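The structure appears below as structure tokens.
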Amino acid sequence: MIQKPRGTRDFLPDEMERRRAVEKRMRDVARCWGYREVCTPEFEELELFTARSGQGIIEEMYVFEDKGGRMMALRPEITAAVQRMYLNEARVIPKPLRWCYFGDCFRYERPQKGRYRQFWQFGVELIGADTPVADAEVIMLARDLLESSGVSFTLHIGHLDFMKALLSDMDPKEQRIVMRYLDKKDDAGLKGHLAVTGRSDLYTSLTALLECRSLDEVTEVTGELPDYKRTEETLGLLDEMEVPYSLDPGIARGLDYYTGIVFEAFADNLGAENQILGGGAYRLAHLFGGDDVPSSGFAIGFDRVMVSLGDTAGEAERVVGIVYTQEGRTHALRVARAFREAGLRTETDIMGRNIGAQITHASKSAQFVAIIGKREQESGTVTLKDLISGEQHELDLPSAVREVVTSGPRG
RNA sequence: GCCAGGGUGGGGUAGUUGGUUAUCCUAGGGGACUGUGGAUCCCCCGACCCGGGUUCGAGUCUCGGCCCUGGCCCCA
């Protein structure tokens, strides 16, 4: 039998409904912040992602040649595509642009809990704003989005300047290597690397930096920071708005296009794959041949959020089963239509079963059955049976619909 | 790519030192049953992940692969 590809998943209706419910809450939050949804292709020219996505992501991309000989890639993330879209379509729209997206991405990785080869990201991009309030807005939105989903998380905020201030006399490539060690909190690796490259003098200050939990502590280690006032203002705004976060100078981020403030969120109840959000301020457009535009944004690992939430059932949907005899069929179909027009999920028998078997079947998913036979057809009524209490009575159609609608969702 | 632990009907399981037709529950289908059968009774469907090896005989032992779970790595 053919199996699904490794690292992919099938979603049955129950799970799909849970996912859609969380997705909807996130969309609503983004909308309330003024972030409107966009959509970009699932595959792009390979070059879009090789420009600056970071070596790790390039190695795990799904790459293919199309029939015209073009090198293409399934998108491993969406930010680069949104920036391309901005340059192609939206340069003249008044800034700032507030966009959000929800889509699947592909990375060829070893699957494990919370890590799949096809996975979904909910993300936002704020394009064309370069202010402390913009940085704060994106982080506040990140907080609201995660809270709306119901996950329990902690938010860490850093700034690439913290590390760069100490590494300013290194070339950028070397900086990245050292920052990677710091990001991983690989103390032994860091020490070894600094020794090999003859920069052991930096070890004390770098490890001290990782211990810092406030901006003042950071500047004691790094000295003057170019963005100090701005960072202070951003963090001040977050404090005033009571956003819970911890300052973490050790954040370097895996993608190479970040330029300023960076942040990550971790689910409290996940194991190795517990990062559920990552983002920051970045500049990417110049790499694609456009005018540069300051931007910031983040992506939420939607599947990890769902893993973190677990199997907690959403609200049970109200379902009505229409149960009928042959003599009542026409009336039954009209009754079904009335329930559907009221927005209720309504299922009728299509198996030619008798009344009892129909009730048996309906009871597996429905809370109510409307029983329609010769008698109801002739009188134009509905016998409504509450499958939970077992009570039933005969009503006119509008009353029956009203009774189900006002019953509220239940088990 | 590396390490560890796993894989028995759709789901959950039993399977002794290798030994009949692989256990049980549940789900699914059919029938009895034509206005309450959410029931009951009967019947059916359906599995040892794949491929080598050892053996008279493999679900069981062994090797390789695939897949799952967790960890490394990387990242969302």
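All figures in this text were calculated on a predicted structure; none of them were measured in a lab. Letters A, B, ... mirror the listed sequences (proteins, then strands); counts begin at 1.
- In this structure, A:Gln112 atom CD and B:rA76 atom C1' are separated by 13 Å, rounded to whole Å.
- Between A:Thr360 and B:rA39 there is a side-chain N or O to OP1 or OP2 distance below 4.0 Å.
- Heavy atoms of A:Tyr116 sit under 4.0 angstrom from at least one base atom.
- In this structure, A:Trp120 has its ring center closer than 6.0 angstrom to the ring center of A:Phe11.
- The residue A:Gly114 sits close to a base: some heavy atom pair falls under 4.0 Å.
- Ranked by how close their nearest RNA chain B nucleotide is to the 5' end, A:Pro111 and A:Gly301 are led by A:Pro111.
- Look at the C1' atom in both B:rG6 and B:rC48: the space between them is 15 Å, to the nearest Å.
- Under the 3.5 Å distance criterion, with hydrogens and angles disregarded, no donor-acceptor pair is assigned to the side chains of A:Gln118 and A:Tyr62.
- By the 4.0 Å N-to-carboxylate-O rule, A:Lys24 lies close enough to A:Asp28 to be salt-bridged with it.
- For B:rA76, the base is stacked against the aromatic ring of A:Phe119, per a cut-off of 5.5 Å between centres and 30° between planes.
- If you measure from atom CZ of A:Arg117 to atom C1' of B:rC73, you get 14 Å, rounded to the nearest angstrom.
- Residue A:Arg180 places no side-chain atom within donor-acceptor reach of the base of B:rC74, judged by atom type and a 3.5 Å distance cut-off alone.
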Distances under 3.5 Å between protein N/O atoms and the N/O atoms of nucleotides 26-30 of chain B, please, pair by pair.
from	atom 1	to	atom 2	distance (Å)
B:rG28	OP1	A:Lys364	NZ	3.4

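- Nucleic acid contact class of A:Gln358 (heavy atoms, under 4.0 Å, all strands): none.
- Rounded to an integer number of Å, the gap from A:Glu391 CD to B:rU36 P is 19 Å.
- When the C1' atom of B:rG35 is taken as reference, atom CZ of A:Arg375 falls 7 Å away, rounded to whole Å.
- In the interface, the side chain of A:Lys385 is paired with the base of B:rU36 through a donor and an acceptor atom under 3.5 Å apart.
- We find that CD1 of A:Ile78 is positioned 18 Å from P of B:rC75, with the value rounded to whole Å.
- Going from atom CD1 of A:Ile359 over to atom C1' of B:rG35 covers 8 Å, rounded to whole Å.
- Nearest nucleotide to the A:Arg304 side chain, out of B:rC75, B:rU69, B:rG35: B:rC75.
- Counting any heavy atom pair closer than 4.0 Å across all strands shown, A:Glu327 reaches no nucleic acid atom.
- You won't find any donor-acceptor pair under 3.5 Å spanning the side chain of A:Arg115 and the base of B:rA76, going by distance alone.
- In this structure, the OH atom of A:Tyr108 is 19 Å from the P atom of B:rC75, given to the nearest Å.
- Counting atom types as modelled, A:Glu273 pairs a side-chain N or O with a base atom of B:rC73 as donor and acceptor under 3.5 Å.
- Residue order along RNA chain B, read from the 5' end via each residue's closest nucleotide, puts A:Leu270 first among A:Leu270 and A:Gly278.
- In terms of the side-chain contact (heavy atoms from CB on, under 4.5 Å) criterion, residue partners of A:Asp292 (sequence neighbours excluded) are, by chain and number, A:Arg283, A:Ala285, A:His286.
- The base of B:rU34 does not come close enough to the side chain of A:Gln326 for any donor and acceptor atom to sit less than 3.5 Å apart.
- Looking only at distances, a side-chain donor or acceptor of A:Gln275 sits under 3.5 Å from a matching main-chain atom of A:Leu277.
- Spacing between atom CZ of A:Arg9 and atom C1' of B:rU69 amounts to 15 Å, rounded to whole angstrom units.
- Between A:His156 and A:Tyr245, the ring centre distance reaches or exceeds 6.0 Å.
- For the pair A:Thr197 (side chain) and A:His193 (backbone), a donor-acceptor distance under 3.5 Å is present.
- Remark: the A:Gln392 side chain and the A:Thr383 side chain contain no N/O donor-acceptor pair separated by less than 3.5 Å.
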